[in-house]
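Taking it in order: structure first as structure tokens, then the write-up.
Hydrogens, waters and symmetry mates are skipped; everything else that's a heavy atom, side chains included, is used. Letters go in sequence order (proteins before strands), and every chain restarts at 1.
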Number of protein chains: 2
Amino acid sequence: MNSGDSTLTDTKERILDAAEHLLAIKGFRGASLRAITGEAGVNLASVNYHFGSKKALLEAVIKRRIQPLNHIRRKRLEQVRESARQKGKKPDVKAALSAFIEPTLLFKESNPDAKKFFIFIGRSLTDPDDTVREVFLRFIKPIFHLLFETACEALPGQPREIIFWRLHFTIGALFHAMHISGNIKTKFLDVKTGIDANSLVNLILPFVTAGMKAK
Amino acid sequence: MNSGDSTLTDTKERILDAAEHLLAIKGFRGASLRAITGEAGVNLASVNYHFGSKKALLEAVIKRRIQPLNHIRRKRLEQVRESARQKGKKPDVKAALSAFIEPTLLFKESNPDAKKFFIFIGRSLTDPDDTVREVFLRFIKPIFHLLFETACEALPGQPREIIFWRLHFTIGALFHAMHISGNIKTKFLDVKTGIDANSLVNLILPFVTAGMKAK
DNA sequence: GTCTATACGATGATAGAC
DNA sequence: GTCTATCATCGTATAGAC
């Protein structure tokens, strides 16, 4: 039983918040359980009690943000395919890309606490830690395949392998942008990091749309 | 004095090779001095003797590969600007991008040992470790600015801020591609990682060129 | 100049009292 | 459910022998 004072957030959530913050700025190895529990104001042992291990905590942090985001991306991508099918036309490339990119970038605004998570996503696919890449890939894979199939329908003239690589370029551009726009610390190559999500959408969409359609 | 057997590589180079390998697959924190010296077959203390610290070793590893690469990129970029100036025309966008991208990707072929370094470069700008980002940025910054100025001359109609962001998208796409193409371990989102450098150049150049020119 | 041995702190995880 | 105490391990760096 809690000692009477039922604070705003319970232990589990406080751990998740602190872990999210420290994972973003320090990475998986750099974010020690001592630092996480210290910031959360809970005991060191509570991580292992509530989650089982550091890796399980990582999964919980990622799942909490990615699952709702994936739900939105999936819905929007299926909407693009379905409405094109009903009109008997092929899906629009920009609409397909937007269905993936826009929710990803706007997620920051809708969820102020998730801002830190931006940096983490931006690093997710190149993280030096196998564990981080593995967990993120597990969540991203199904959405990426849906995006891939939609893009193939939108660009029937292009070989699937080219579309495949171009989507990877798109993701590389998007994640890199997320990382630097979410990073408050390093002024990255003189970039103004304080760009808002909508402006970033309007900057990246024309770039990747033109890239996907190239030649 | 060495004990007679002057082996192919001396201690310092053996450390650099082992460090490059382990930094690529494990990251800065994950590549322990114990593992590096173990793989190099030298004593644990020799890193601090020859380089001074782990950070200094990191700098040496990066410098060894980046300096010759930067020399080529600089020469090619200046060539693009100069030949355009002589013809009284603006530089070609694709030529400018190619001057940066092609040497970067072909470096892998010309230098078989540098293949591991690919993964490391691909992670360089999003590395969780401040040290890694700081050192890489110091080397990349001057070349990036040269690329930026060349791109501005090539696209006089576009606002500089848009060009700036689009070059960041380009670098994001390039580095992400380098990371997954250099990564032999994880089959990344079903991508065939064994792509050769020339094919990758031919895949990415049309994408980013179209992106830069968009609208 | 080079290596052996070791210092000292911090890490993830657990056992067991409350 | 929560906490203190402690474990074995690993990290970087140094002091001193050859």
A:N48 atom CG is separated from D:dC3 atom P, nearest whole Å, by 15 Å

In whole Å, I'd like the distance from the OH atom of A:Y49 to the P atom of D:dC3. 12 Å

Round to a whole Å and report the spacing from NZ of A:K54 to C1' of D:dC10. 13 Å

Check this one for me: any side-chain N or O of A:S46 less than 4.0 Å away from OP1 or OP2 of D:dC3? no

Given atom CG of A:L33 and atom P of C:dT14, what is their separation to the nearest angstrom? 11 Å

Could you check A:H50 against B:F28 and say which one's nearest nucleotide on DNA chain D is further toward the 5' end? A:H50

Hey, does the side chain of A:S32 come within less than 4.0 Å of C:dA10's phosphate (OP1/OP2), counting only N and O? no

In whole angstroms, how far is the C1' atom of C:dT11 from the NZ atom of A:K55? 19 Å

Of A:A45 and A:G30, whose closest DNA chain C nucleotide lies nearer the 5' terminus? A:G30

Starting the side chain at C-beta, find the nucleotide from D:dC3, D:dA13, C:dC3 nearest to A:N43. D:dC3

Run the ring-centre check on A:F164 versus A:F144 and record whether the distance is less than 6.0 Å. yes

Whole-Å distance, A:L58 CG to C:dG12 P, equals 13 Å

Using side-chain heavy atoms (C-beta onward) and a distance below 4.5 Å, is A:K116 in contact with A:L22? no

Value in whole Å for how far the P atom of C:dA10 lies from NZ of A:K26: 13 Å

Has the side chain of B:R34 got a donor or acceptor atom sitting under 3.5 Å from an opposite partner on the base of D:dG11? yes

Ring centroid separation A:F169 to B:F169 under 6.0 Å: no

Would you call B:R65 and B:E20 a salt bridge, using N to O less than 4.0 angstrom? yes

Given atom CG of B:L44 and atom C1' of D:dG11, what is their separation to the nearest angstrom? 10 Å

Is the ring centre of B:H176 less than 6.0 Å from the ring centre of A:H168? yes

